[in-house]
Amino acid sequence: ITYTRILHGEGAVDFRDVAWSPDGSYALIIGYPASLYRYDDALQTLSWIADGAGEYWEEVNFSRDGSYALLGGGDDPTIPAPVLYRYTEANGLEVVPDILGTGDGKFLNTYRVQSLQAHPSTGEWVILGDNAASWPAQIGCLNTLDADFVGGQHTWNYWGCVNIDQGADSVAWGSNLGTDIALGVSHYTELVYFDPALAVGQFALQVHPNTGNLRKVVFDPTNDAVAWVLNWSSSNVYTWEGSLRTDPQNSFSMSGYTIW
C-alpha cells in the first residue's frame with residue numbers, strides 16, 4: 001500500500017468529510033467547523049473555496065451525474081436553522097433557500113442537516129436531520145429532495161421522524177430484497193432501517209448489543225444489499241445484510257470517525 005501526503009498552505013485544518021466527484025477528477029473536503037476545500041487529483045493540490053457564516057458543516061456528497069454537490073449542516077444548536085449548500089464548478093458555493101418548511105413537516109424540529117446522499121438511480125436525495133434535543137430524547141428526521149436548480153421548484157417529501165439515542169449521524173441509500181431503503185445510524189448504538197414503500201412500520205430500530213458509537217454507514221458499491229457500519233469508539237466495522245452482524249468474525253479493527 002502506498003500513501004502520499006498532500007502538502008498544502010492552508011494552515012492547521014481539521015478535516016471532517018470528503019467526497020470524490022463521480023469522474024474522479026477532484027474531491028471536495030470539509031474542514032471543521034465550516035470550510036470547503038477542493039482537491040485536484042491530477043495536480044495533487046488543495047485549494048480553499050469558502051467558509052461558512054456561522055454554520056457547522058457535517059457532510060458533503062455529489063449528485064449521481066456529478067454536476068453538483070450538496071453540503072449540509074446547521075447553525076446555533078438552540079435555533080432550528082438547518083443549512084444546505086450547493087457547489088458547482090461554474091458558480092462555486094450557493095445557498096439552497098427555504099429548506100426548513102412550514103406546514104408540510106419537512107425538517108420539523110430539526111436543527112441541522114446531519115447527513116445526505118443521492119439515490120443511486122433516480123438522483124433524488126435522502127436527507128437526515130437531527131433535532132439536537134436533550135439526550136436521550138433526540139429525534140432523527142428523514143426527508144427526500146428532488147432538486148430542480150434550473151426552475152427553482154424543489155420537491156420535498158417528509159418521511160417522518162424516529163426517536164434515537166444521542167442524535168442522528170449518517171444515512172445511506174441501498175436495497176434489500178429488491179426494495180430501496182435508507183439506513184441511518186445514531187451517535188450511540190442504534191441502526192435505523194427505513195422502507196419508504198411501506199405504509200406503516202417504515203422505521204425499524206436495530207439496537208447494537210455492544211456499547212459504542214455508530215458513526216457512519218455506507219453501502220458497498222458493488223453489492224448495495226450489503227452495508228458497512230463504522231463503530232468508532234470500539235474501532236470496528238460491521239456488515240449489514242438485512243441485519244447487523246456483530247460477531248467478531250464479521251468485523252475488523254480500524255480507527256477513525258468516517259469511512260467512504
Are V96 and W125 co-members of a hydrophobic cluster defined by side-chain heavy atoms under 4.5 Å apart?
-> yes

Between W173 (side chain) and Q117 (backbone), is there a donor-acceptor pair under 3.5 Å?
-> yes

In one Ile/Leu/Val/Met/Phe/Trp/Tyr side-chain cluster, 4.5 Å: Y87, Y37 | no

Verify same cluster id: I30, V218 (apolar side-chain graph, 4.5 Å) = no

Salt bridge (charged side-chain N to carboxylate O under 4.0 Å, His left out) partners for R86, two or more places apart = E94

Might you point out which heavy atoms bring A225 and W240 nearest each other, and give the distance in Å?
-> O-CZ3, 3.4 Å

Within the distance-only criterion (no hydrogens, no angle test), does the side chain of S21 pair as donor or acceptor with the backbone N or O of Y26 below 3.5 angstrom?
-> yes

Hey, does the side chain of R112 reach the backbone of V83 with a donor-acceptor pair shorter than 3.5 angstrom?
-> no

Would you find a donor on one side and an acceptor on the other, under 3.5 Å apart, between the side chain of S175 and the backbone of D180?
-> no

Would you mind reporting whether V126 and L142 have side-chain heavy atoms less than 4.5 Å apart?
-> yes

Any salt bridge between K216 and E59, counting N to O under 4.0 Å?
-> yes

Is it true that V95 and L71 fall in one hydrophobic cluster, defined by side-chain heavy atoms closer than 4.5 Å?
-> yes

Does a side-chain heavy-atom distance below 4.5 Å link T239 with W228?
-> yes

Would a 4.5 Å heavy-atom cut-off, applied to side chains only, mark F219 and L183 as touching?
-> yes

Note: V18 and I29 closest approach over all heavy atoms is CG2-CG1, 3.7 Å

Would a line drawn from the ring center of Y85 to the ring center of Y68 be shorter than 6.0 Å?
-> no

Ring-ring centroid check F149 H154, cutoff 6.0 Å | yes

Which atom pair, heavy atoms only, marks the closest approach of V113 to E58?
-> O-CG, 3.6 Å

Of the non-hydrogen atoms in G72 and L116, which two are nearest, and what is the gap between them?
-> N-CD2, 4.0 Å

Would you please test S35 and W57 for side chain to side chain contact (heavy atoms under 4.5 Å, CB included) and show each step?
-> CA-CA 8 Å; S35 299; W57 292 341; 5.5 Å; no

Verify, without hydrogens or angle tests, whether S170 (side chain) and V217 (backbone) share a donor-acceptor contact under 3.5 angstrom.
-> yes

Under 3.5 Å, is there a donor-acceptor pair linking the side chains of D23 and W20?
-> no

For the student: nearest non-hydrogen atoms of L84 and W156, plus distance | CD2-CH2, 4.3 Å

Side chains of D41 and S25: is there a donor and an acceptor less than 3.5 Å apart?
-> no

Minimum heavy-atom distance Y39-I6, with the two atoms named = OH-CD1, 3.8 Å

Between D14 and Y32, is there a donor-acceptor pair closer than 3.5 Å when you use the side chain of the first and the backbone of the second?
-> no

Indicate if I49 and L46 have the same hydrophobic cluster label, given that clusters are the connected sets of ILVMFWY residues with side-chain heavy-atom separations under 4.5 angstrom.
-> no

Could I get the full list of side-chain contact (heavy atoms from CB on, under 4.5 Å) partners for D40, not counting sequence neighbours?
-> R38, A42, L43, T45

For residues L36 and L28, determine if any side-chain heavy atom of one lies less than 4.5 Å from a side-chain heavy atom of the other.
-> yes

Check whether any side-chain N or O of E124 sits under 3.5 Å from a backbone N or O of T122 as a donor-acceptor pair, and report yes or no.
-> no

Partner set under side-chain contact (heavy atoms from CB on, under 4.5 Å) for S47, not counting sequence neighbours | none

Side-chain heavy-atom pair T144, T155 within 4.5 angstrom cut-off = no

